[in-house]
Amino acid sequence: MCIGSQPGPWKRGLVLAALAVLLGLLMLLHAYIPNRAKNLGSLVETFLPWFGLFIPVLLAGALWRRSASAVAALLLPITVWLSLFGGLLSDKSHPGSDLIVVSHNVGADNPDPVGTARDLVTSGADVLALQELTRQARFTYERELANAYPYHTVQGTVGLWSKLPLSDIQPVDTQMDAGPLAATKPFERRADARALRTTVATDHGPLAVYVAHLGSVRVNPRAGFGTDHRDRNAQALSEAIAAERNERVVLLGDLNGTMNDRAFAGITSQMQPAQDAAGDGFGFTWPATFPVARIDQILVRGVKPKSSWVLSATGSDHLPVAAGISW
């Protein structure tokens with residue numbers, strides 16, 4: 001061997017090749033990342049699509065190093081990412097629907113609830129779900145939406161406005177309060193309701209509609225990905241939906257999590273995310289200024305999602321989401 005000769009292309013960039021394999025395995029086996037250590041598994045799953053950004057970075061390094069081994073190793077993460085999210089790259093929407101539903105976390109700090117309400121009226125929604133309604137803003141939305149939506153209900157901080165009659169309205173206990181003291185209090189005396197259930201009378205029969213705003217999550221170095229409240233709410237909500245007797249169900253709300261997160265397995269095992277079935281792209285909704293995650297959801301059971309899309313920004317820090325459904 002000549003002094004100063006360079007290793008061959010299959011021997012160069014072995015570190016890059018190892019990183020590519022690790023990236024592929026991380027995405028492939030994300031469900032096996034334990035949550036015991038600061039909910040690391042749920043944190044990875046929340047931002048799982050973004051791990052694909054490491055692929056072009058590693059590819060650039062592999063080309064710079066002229067490493068055949070690194071390029072070959074990149075086939076693993078590319079294949080895994082496409083199998084997980086490739087279906088979201090195409091437009092799966094279809095024209096025509098029987099009912100348009102819209103969901104929006106209007107934001108407790110929204111500086112322009114009047115403008116937000118008027119924007120939502122122009123969305124064409126037949127059924128409109130709002131979350132994070134403050135007591136003061138509630139009256140604004142009731143006034144601004146009254147002409148377009150003759151039927152409505154507000155339970156705690158969530159509400160539903162409809163062009164079609166509502167019945168069987170009731171709050172849903174998502175266990176916002178927890179612990180020994182909460183068990184001693186009747187549901188009516190616990191924290192403000194953040195979920196409701198009602199029946200919408202459609203031309204095709206009754207449709208059960210749930211509106212929910214699950215607990216917030218926090219990320220900090222000491223506690224990690226704090227999801228205890230949200231996970232408890234998600235479990236309670238999944239049990240309520242499992243007990244639902246109506247075959248046709250729509251869930252609208254700010255669930256404070258993506259449907260890749262294992263915390264929502266109880267819900268996604270029963271219902272289909274409209275964005276996955278009939279959307280165009282990832283449909284990120286939060287934060288509104290630069291969305292990085294879809295935490296505002298529309299899920300269905302017993303009806304067909306025909307289209308799903310994200311609406312333009314309002315005064316909220318969330319983007320509204322919409323879906324067209326059919327029987």
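By the rule that hydrophobic residues join a cluster once side-chain heavy atoms approach within less than 4.5 Å of another member, Leu319 and Val292 end up as members of separate clusters. Clustering ILVMFWY residues whenever any of their side-chain heavy atoms sit less than 4.5 angstrom apart, transitively, puts Val310 in a cluster other than the one holding Leu120. With hydrophobic clusters built from ILVMFWY side chains whose heavy atoms lie under 4.5 angstrom apart, Leu133 does not share a cluster with Leu160. Hydrophobic cluster membership is shared by Val21 and Leu58, with clusters built from Ile, Leu, Val, Met, Phe, Trp and Tyr side chains linked at under 4.5 angstrom. In this structure, Leu237 is not a member of the same hydrophobic cluster as Val158, with clusters built from ILVMFWY side-chain heavy atoms closer than 4.5 Å.
Atom CD of Gln170 is surrounded by more than 12 heavy atoms from other residues, nucleotides or ligands within 6.0 Å. Heavy atoms of other residues, nucleotides or ligands lying less than 6.0 angstrom from CZ of Arg143 number more than 12. Within 6.0 Å of NZ in Lys304 there are 12 or fewer heavy atoms belonging to other residues, nucleotides or ligands.
Contact between Ala274 and Ser308 at its shortest, heavy atoms only, is O-CB, 3.6 Å. Taking every heavy atom of both residues into account, Asp231 and Ala263 meet most closely at OD1-CB, 3.2 Å. When every heavy atom of Pro77 is checked against every heavy atom of Met27, the shortest pair comes out as O-CE, 3.4 Å. Nearest heavy-atom pair across Trp10 and Ala72 is CZ3-CB, 4.0 Å. In terms of heavy atoms, Pro305 sits closest to Val300 at CD-CG2, 3.8 Å. Counting all heavy atoms, side chain and backbone alike, Pro150 lies closest to Lys163 at CD-CA, 4.0 Å.
Under the 30°/60° scheme for interplanar angles, the aromatic rings of Phe284 and Trp50 are found to lie parallel. Taking the six-membered ring where the residue is Trp, Phe282 and Phe85 present tilted rings, their angle falling between 30° and 60°.
Rounding to the nearest 0.5 Å places CG of Leu84 at 11.0 Å from OG1 of Thr79.
Using modelled atom types, one finds a donor on one side chain and an acceptor on the other under 3.5 Å when comparing Asn39 with Thr227. Under 3.5 Å, the side chains of Thr268 and Gln270 contain no donor-acceptor pair of N or O atoms. When only modelled atom types and interatomic distance are considered, Glu45 and Thr258 share no side-chain donor-acceptor pair under 3.5 Å. With no hydrogens or angles considered, no side-chain donor-acceptor pair links Ser316 and Asn110 at under 3.5 Å. No hydrogens or angles considered: a donor-acceptor pair under 3.5 Å links the side chains of Glu142 and His152.
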Exercise for the section: Could you please spell out the steps behind the side chain to side chain contact (heavy atoms under 4.5 Å, CB included) verdict for Lys11 and Ser69? Expected result: CA-CA 7 Å; Lys11 294 184 178 181; Ser69 58; over 6 Å; no
Problem - Derivation of the side chain to side chain donor-acceptor pair (under 3.5 Å) call for Glu132 and Thr157 - result: CA-CA 5 Å; Glu132 211 164 287; Thr157 61; over 6 Å; no
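With salt bridges taken as basic N to acidic carboxylate O contacts below 4.0 Å, one links Asp261 and Arg230. Taking the charged nitrogens against the carboxylate oxygens, Arg118 and Glu144 do have a contact shorter than 4.0 Å, which makes a salt bridge.
Inter-residue side-chain proximity for Val209 and Arg197 is flagged as unmet; no heavy-atom pair is nearer than 4.5 Å. Using a 4.5 Å heavy-atom threshold, the side chains of Val121 and Leu128 count as separate. Residues Val200 and Asp126 are not in side-chain contact: their nearest non-hydrogen atoms beyond the backbone lie 4.5 Å or more apart. At least one side-chain heavy atom of His30 sits under 4.5 Å from a side-chain heavy atom of Leu48. In this structure, the side chains of Val127 and Trp161 stay at 4.5 Å or more apart for every pair of heavy atoms.
Asp296 pairs with exactly one of Gln275, His104, His213, His318 by the side chain to side chain contact (heavy atoms under 4.5 Å, CB included) rule, that one being His318.
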